[in-house]
Number of protein chains: 2
Amino acid sequence: MTAERSVRLDPRSAVPPFEQVRGQIAELIAAGVLPAGDRLPSVRQLAGDLDLAAGTVARAYQELEAAGLVVTRRGGGTRVATTPPVTPAARGQVLAEYAAAYLTAGRRLAATDEELLAAVQAALRSG
Amino acid sequence: MTAERSVRLDPRSAVPPFEQVRGQIAELIAAGVLPAGDRLPSVRQLAGDLDLAAGTVARAYQELEAAGLVVTRRGGGTRVATTPPVTPAARGQVLAEYAAAYLTAGRRLAATDEELLAAVQAALRSG
DNA sequence: TGTCTTGTATCAACCCCTTGACACAAATAG
DNA sequence: CTATTTGTGTCAAGGGGTTGATACAAGACA
């Protein structure tokens with residue numbers, strides 16, 4: 001399951017756990033990394049992996065369903081919605097949002113375009 | 001004052017306001033955008049600008065002082081510490097962290113190096 | 001000196017997040 | 001059908017963040 005492998009909590013983050021889970025899965029779906037029909041780990045399973053209470057993961061799943069990204073059935077688990085939800089957020093758009101966020105943060109440091117680009121290239125080489 | 005112009009709250013963020021303020025100012029300092037000796041806006045001033053309670057901004061300032069990034073004096077205001085704190089985080093390192101964070105997020109979407117770079121270039125052109 | 005500014009401290013009140021436990025409903029697997 | 005799995009609902013408890021008001025302490029300023 002891609003979700004188990006990909007969801008990682010940042011314990012130092014001020015973002016509440018349920019929101020980290022929700023956000024990461026939402027992006028995995030929007031980007032097409034989690035294909036329609038794919039089953040997410042069970043609430044208890046993911047909660048155990050991330051060391052969270054089941055209710056916390058359940059809340060993340062509920063918000064994902066409310067957003068139309070996911071369909072849940074008791075006993076049947078939670079699966080990625082077949083209808084690529086209204087979300088016009090294709091993978092490229094998600095990536096574009098990430099890039100834009102990077103630019104916003106970098107420009108707050110008064111970085112030039114060249115510096116911003118060079119920093120990414122350097123990170124690509126080292127990571 | 002650079003701080004007034006640069007600190008922007010994201011009301012949709014799950015990150016608590018005091019932490020957004022603290023983090024943004026910390027990065028402005030670490031990156032050298034706010035030079036040593038520069039005076040930050042007063043607690044009440046910044047609180048007014050950001051539509052926060054004075055105590056919320058005060059907490060951000062307190063944590064900045066605890067981190068050695070800032071020196072406060074009652075009646076005298078809050079200024080960027082002259083001693084570039086232990087922080088080895090030069091501007092380039094902060095930028096590198098941003099770039100690394102971008103790569104981490106992008107790779108979660110299974111983006112290739114080329115895509116990651118292209119997305120930044122596209123964002124530079126459009127923004 | 002006296003006044004203004006600024007940071008700090010405290011308070012009660014409110015809301016949100018998390019936990020851990022338990023029970024329940026519905027689908028699946030045998 | 002039965003047992004298991006899975007999502008949901010509830011609950012009390014505790015911790016954190018925010019507000020708004022008030023009061024105080026200490027430097028700046030005239």
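Chain naming here is simple, since letters A, B, ... match the order of the sequence lines and numbering starts at 1 in each. When reading the values below, keep in mind they use all heavy atoms of this one structure, side chains included, and skip hydrogens, waters and symmetry mates. Just so it is clear, the model here is predicted, and its values are computed rather than measured.
- Between chain B and DNA chain C, the heavy-atom contact criterion of under 4.0 Å yields a 5' to 3' nucleotide range of C/dT5 to C/dA9.
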The contact string for nucleotides 25-30 of chain D, one letter per nucleotide 5' to 3', using protein heavy atoms under 4.0 Å with B, S and - for base, sugar-phosphate only and none, comes out as BBBS--
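- Two end axes, each from the C1' atoms of five base pairs, can be drawn for the helix from C/dT1-D/dA30 to C/dG30-D/dC1; they diverge by 30°, to 10 degrees.
- For D/dT6, the OP1/OP2 oxygens have no side-chain nitrogen or oxygen of A/Thr78 closer than 4.0 Å.
- Hydrophobic clustering, with ILVMFWY side chains joined whenever heavy atoms are under 4.5 angstrom apart, groups A/Leu109 together with B/Leu34.
- Rounding to the nearest 0.5 Å places OG1 of B/Thr78 at 12.5 Å from CG of B/Asp38.
- Counting only residues at least two apart or in different chains, salt bridge (Lys or Arg N to Asp or Glu O under 4.0 Å) contacts with residues 15-25 of chain A comprise A/Glu19-A/Arg22.
- We find that CG of B/Asp51 is positioned 11 Å from C1' of D/dT19, with the value rounded to whole Å.
- Residue pairs meeting the ring pair (Phe, Tyr, Trp, His ring centres under 6.0 Å) criterion with at least one partner in residues 92-112 of chain B, sequence neighbours excluded, are A/Tyr102-B/Tyr102.
- Contacts between residues 13-21 of chain B and DNA chain D, defined by a heavy-atom separation below 4.0 Å, involve B/Pro16, B/Pro17, B/Phe18, listed by number.
- Rounded to whole Å, atom P of D/dT8 lies 13 Å from atom CZ of A/Arg59.
- At least one donor-acceptor pair under 3.5 Å links the side chain of A/Arg91 to the backbone N or O of B/Ala110.
- Rounded to whole Å, the distance from CG on A/Leu64 to P on D/dT8 is 11 Å.
- Put simply, A/Gln62 has a side-chain N or O that comes within less than 4.0 Å of OP1 or OP2 on D/dG9.
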